[in-house]
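Side chains are part of it too, since the values below use all heavy atoms of this structure and drop only hydrogens, waters and symmetry mates. Labels below follow one simple rule: chain letters A, B, ... track the order of the sequence lines, proteins then strands, and each chain is numbered from 1.
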Amino acid sequence: MTNIGVYICHCGTNIAGVVDVEALAKRVAKLKDVSLARDYKYMCSNPGQDLIRDDIKHRNLDRVVVAACSPRMHENTYKKVLASAGLNPFLLEIANIREQASWVHLDKEKTTNKAFDLINMAVSKVRMDEPLTSMSANVIQRVLVIGAGIAGIQTSLDIANIGYDVVLVEKEQSIGGRMSQLGKTFPTLDCSACILTPKMVEVSSNPRIKLFTYSEVEEISGFIGNFKAKIRKKSRGLDESLCTGCGLCQEKCPTRVPSEYDEKMGKRKAIYTLFPQAVPNIPVIDRASCLYITKGKCGVCKKVCPVGAIDYERGDEFIEEEVGAVVVASGFDPFDPTSKEEYGFGIYKNVITGLQLERLLHAAGPTQGEVVRPSDGAVPKRIAFVQCVGSRDEHANKYCSRVCCMYAIKNALLIKEHHPESEIFIYYIDIRAFGKGYEEFYKRAQEKGIKFMRGRVAEIFEEPASRNPVIRADDTLLGMVTENEVDMVVLSVGMIPRSDSSRIQKMLGLAASPDGFFMEAHAKLRPVDTLVDGVFLAGTAQGPKDIPDTVAQAKGAASGALGVVSHKALLLSPLISEVDERLCRGCGDCKDVCEYGAIELVTLDTRKVAKINPAICKGCGSCVVACCNGSIKLRNFTDSITFAMLEAALGGAL
Amino acid sequence: MPVTKNIIRINDLNSGFIEELVESGRKIFGEDVLRSVEACIQCGCCTGSCPSSRRTAFRTRKIFRETSLGFKESVLGSDDLWLCTTCYTCYERCPRGVKTTDIIRVLRNMAVRQGYMAEAHRMTASYVFKTGHGVPINEEVQRQRVELGLNRLPPTTHSFPEALRSVQEVLRLTGFDEIVGFDWETMELRGRK
Amino acid sequence: MKEYAIFLGCIIPNRYPGIETTSTSILKDFDIELLPINGASCCPAPGVFSSFHLESWLAIAARNIAIGEETGRDIVTMCNGCYGSLAEANHLLNGNKELKDKINDILSKVGCEFKGNSKIKHMIEVFSEDIGVKKIQEYMKNPLDGIKVCTHYGCHFLKPSEIKKHGSSERPKFLDELVRATGAESIDYKDKTMCCGFGGGVRARDIDVTLDFTREKLKNIISAGGDCIVDQCASCHLEFDRGQAEIKKIYGEEFRLPVLYFTQLIGLGIGMGQKELGLTFQNIPAESLLDKINGRKK
């Protein structure tokens with residue numbers, strides 16, 4: 001014999017406009033074990049909540065059904081009400097008579113009947129629900145940050161400054177990421193290195209940040225509050241503890257190969273650092289191009305090193321770190337425009353990408369900031385920028401890459417300021433100048449005489465003698481097809497997910513959006529969370545964005561991660577599966593179907609039985625179905641409860 | 001008081017034109033292909049790629065803009081519409097996946113149905129009615145064939161009158177004779193100018 | 001012995017029969033036999049007839065495929081236009097049962113049925129894939145070293161690439177590779193992938209526009225130093241050959257650029273003569289080219 005209280009919410013007119021809430025309450029009150037049924041304008045309001053609380057106390061209710069909006073909205077609200085009134089919060093059921101009834105049907109009578117069925121089902125369930133207690137798991141109060149570009153750096157600093165430890169793992173030999181490759185940033189034209197390097201130094205000197213560079217996270221196991229990460233620290237070919245960063249080895253190395261950091265616009269040595277302010281300022285030996293390693297010749301770096309740090313045979317190291325939360329800040333790659341064959345990238349020497357131009361413009365770049373063109377080293381005076389290369393394109397990437405309009409305008413302005421006699425053209429479909437100061441920046445570019453040509457470039461060909469690229473495009477504003485012979489073309493390529501993002505995705509069990517970037521838990525309301533509890537996203541790994549948005553999101557991710565690791569223990573939902581070890585045959589079928597890896601087979605006396613990890617189990621019920629002899633049940637969603645709900649739905653026809 | 005003459009009243013345009021386009025091409029291409037014209041953002045890549053646009057008044061992009069907004073008479077009566085060589089370059093490059101060449105062909109079909117068919121095109125069609133070939137053989141090439149060791153006539157409808165009758169029957173069944181205005185009795189085009 | 005059904009179209013049997021005899025005889029050397037499709041008609045020319053009435057175009061194309069299927073072989077054509085017409089018809093009918101039934105309803109009245117079980121292929125595929133560049137190289141008796149060829153791929157074999165699926169249409173390589181296999185050099189020229197101007201019914205209705213296309217291509221080829229143009233499409237072939245005669249007549253400009261179908265080029269490489277290749281029947285004499293080839297031999 002139970003005392004069930006049912007509360008039917010009007011939700012203003014959202015529910016009451018279609019469902020006859022008063023008649024419904026009268027009808028529900030007649031159900032077995034329902035002591036009272038009320039209808040009220042807004043159950044989620046304070047007076048609404050008080051209604052429930054008072055009834056629990058004064059009318060001895062021991063079960064509650066709230067018929068209102070989706071449990072995703074207010075289930076927690078009502079749970080708290082029950083708890084505050086001394087009732088176990090799991091003796092609550094929500095009947096969704098809004099999203100599942102009043103919001104999707106038009107016929108008032110039929111909808112009211114459907115609402116009745118939904119409430120009846122909820123009553124059947126709540127009648128048989130058992131009181132449950134949340135379990136708790138210990139939390140390791142450290143955060144793993146994957147990627148040390150500006151996003152990873154910002155997240156790490158925020159977490160460390162609040163007082164929690166960070167393990168920061170960076171794949172490249174120095175932290176700084178893509179931002180370190182940039183010269184000046186829009187719209188302020190401040191120098192990227194100048195604003196980045198102080199943060200880099202802060203990271204390296206912060207005692208709470210354990211930094212692994214030239215390292216990759218190879219495996220992660222565990223669950224929120226308890227992750228175990230296996231990190232591969234790749235061999236630099238030298239003993240870091242001895243290296244002083246003097247740079248002699250790099251100076252004397254005879255081998256020169258195209259530099260990836262310079263986007264192949266310049267060369268580097270076989271033993272090299274990425275840039276002068278690298279953190280750490282320790283070089284790496286590129287095993288593929290080192291003469292000693294590949295041919296047994298040279299060995300000059302070892303000879304000249306004053307502290308004897310070179311160690312060609314040094315192997316990779318493996319380190320394990322335990323953390324409570326993970327932030328993925330693995331960044332982006334630029335789109336490779338080779339596949340846009342009509343633009344001739346890789347065929348015409350004087351067609352380069354936006355990031356390649358960025359390296360040319362960089363004061364510490366391969367040409368010390370002087371923009372010269374690849375075919376003959378001449379200073380180009382007539383330059384065309386082509387927008388939307390590989391972006392907004394059904395044949396490449398459908399999405400807009402967000403930053404290209406601004407970076408093209410920025411670079412155009414920089415060139416124009418350096419060489420006022422230059423003639424610069426930007427070929428666009430739309431100019432997206434959405435941020436603070438961006439539209440003003442665009443206007444400034446126009447005022448400086450940069451010509452904006454509205455028309456998506458159709459094709460680029462080359463004048464064979466001069467190697468001048470020629471752009472062919474419809475000037476949609478003039479209504480005439482145009483040809484424009486220039487000295488150099490810059491393709492404004494978009495951002496794509498980093499090449500190793502699918503490996504990280506698999507490793508963490510993350511979802512990807514249709515555009516390939518890591519997917520956030522909710523597009524609007526949970527932009528830094530993922531659907532894997534305890535794993536957060538920051539920066540361009542989640543989608544194309546500029547530096548201001550990256551830093552803001554990084555700070556958001558820090559906050560998310562801190563939400564986990566700032567607690568010594570986490571409450572786990574008890575709405576999970578439970579194994580009856582007396583019945584379990586240890587067949588392992590449940591383990592095979594569990595998508596989350598929550599089930600293990602353990603030894604009990606002489607038998608094998610299934611053990612469910614309460615921190616990982618999501619209560620999906622797949623194991624219940626797979627179980628060969630019914631030894632697993634889903635708490636508060638047992639077969640008996642399911643049948644009771646079915647009976648209620650079918651009007652007792654079972 | 002001056003009267004504005006050089007302005008387009010959007011209200012006066014034929015807003016049902018897209019539906020007519022869809023209806024005309026739906027059975028062959030499917031609705032999505034025709035509706036793709038609405039995805040056009042007028043980026044101009046088609047026109048920039050078009051070998052006709054850079055030597056005539058034809059602007060690929062304008063055809064799609066006018067179609068989308070409903071300039072029915074202007075599009076269907078256009079001479080420029082017939083300057084597309086169906087080279088498919090625009091089709092390959094359109095970033096919005098607009099099925100350019102398919103739409104142009106359907107517009108042409110609609111124009112033909114409205115009576116806009118060039119005399120030269122009626123002639124080409126009449127050759128097919130008469131011989132089964134758009135480019136029928138002539139005396140000189142018959143001689144060349146023999147010199148090369150081939151039969152005087154190729155094993156096509158030229159050599160198989162039964163096959164020619166089949167082709168003619170098919171074109172009767174599809175109504176092509178009515179569309180072109182071909183008279184089976186005279187075996188000539190009606191009202192030849 | 002490999003067998004294909006050969007779809008002739010209009011222009012090759014009725015204007016350039018030399019292309020047919022050349023291709024057939026070379027294929028024989030590679031043990032490939034071409035079976036006739038008796039009673040085939042115009043494909044019908046895709047840009048032209050589909051512009052007038054799509055259903056009529058489709059019905060006639062389907063009839064051609066249907067009678068070709070009766071040979072039990074895959075169908076090969078030598079013209080991009082015929083290829084485009086038959087391949088697109090094949091694609092549309094195989095992808096839409098309602099449409100296929102409708103067309104077959106019409107075809108049943110003339111005693112045939114489109115089944116969709118023959119592949120539609122282009123002669124260039126037979127040479128590129130069935131035979132291959134290496135075998136062509138070995139086949140050469142007098143490799144055409146020193147000859148500068150400008151290739152013209154045409155439009156309807158490669159495009160639309162989502163249906164034709166022969167790789168990218170922007171920078172194709174296979175025709176250039178076949179040319180190189182003969183020992184000749186394939187050189188680049190401005191707007192190499194541009195249309196010849198014939199298609200879409202433009203030649204019939206606005207020949208001045210078509211000839212402007214052709215003239216531009218010819219000028220670009222001459223500018224780049226090409227000794228001849230090599231094509232893979234009967235329509236383009238007619239356009240460049242007859243077109244030069246028309247351009248001379250209307251504009252007074254003369255190019256005298258020999259126009260070769262790719263099998264005619266291969267034929268030159270095995271010592272076939274002008275007459276045999278059908279080159280003497282063409283509007284533009286191939287003398288200059290042969291002189292250059294023979295000159296090199298000495």
- Item | Top contributor to chain C contacts, counting heavy-atom pairs under 4.5 Å, from T89(B), V112(B), T86(B) |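 The option with the most such pairs is T86(B).
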- Query: H121(B), R108(B), R105(B): which one forms the most heavy-atom pairs within less than 4.5 Å of chain C?
  - Reply: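 Of the options given, most contacts go to H121(B).
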Measure [X] against the heavy atoms of chain B and call it side chain, backbone, both or neither at under 4.5 Å.
| X | value |
| --- | --- |
| L92(C) | side chain |
| I67(C) | neither |
| L8(C) | side chain |
| D206(C) | side chain |
| H53(C) | both |
| R63(C) | side chain |
| K102(C) | side chain |
| T21(C) | side chain |
| N96(C) | side chain |
| D191(C) | side chain |
| E98(C) | neither |

- Message: Which residue is it: S85(C), S51(C), S50(C)? I am looking for the one with a side-chain hydrogen bond (donor to acceptor under 3.5 Å, both in side chains) to W57(C).
- Response: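 Among the candidates, only S85(C) passes.
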Is [X] close to chain C through its backbone or its side chain, or both, or neither, when contacts mean heavy atoms under 4.5 Å?
| X | answer |
| --- | --- |
| E147(B) | side chain |
| L150(B) | side chain |
| D102(B) | side chain |
| R172(B) | neither |
| L83(B) | both |
| F176(B) | both |

- Task: Run the ring-centre check on W82(B) versus F58(B) and record whether the distance is less than 6.0 Å.
- Result: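 They do not qualify: ring centres at least 6.0 Å apart.
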- Below 6.0 angstrom between ring centroids: does that apply to Y153(C) and H166(C)?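 No, ring centres 6.0 Å or more apart.
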- Item | Heavy-atom pairs under 4.5 Å with chain B, option from S169(C), C112(C), A45(C) with the top count |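 Looking at each option in turn, the highest pair count goes to S169(C).
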- Query: Do Y16(C) and Q144(B) touch side chain to side chain, with heavy atoms closer than 4.5 Å?
  - Reply: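 They are not in contact (no side-chain heavy atoms under 4.5 Å apart), so the answer is no.
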- K217(C)/E239(C) salt bridge by N-O under 4.0 Å criterion: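 Salt bridge flag = no for K217(C) with E239(C).
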- Could you give me the CA-CA distance, side-chain angles and deciding distance for T22(C) and E276(C), then say whether side chain to side chain donor-acceptor pair (under 3.5 Å) is met? CA-CA 7 Å; T22(C) 305; E276(C) 226 187 315; over 6 Å; no
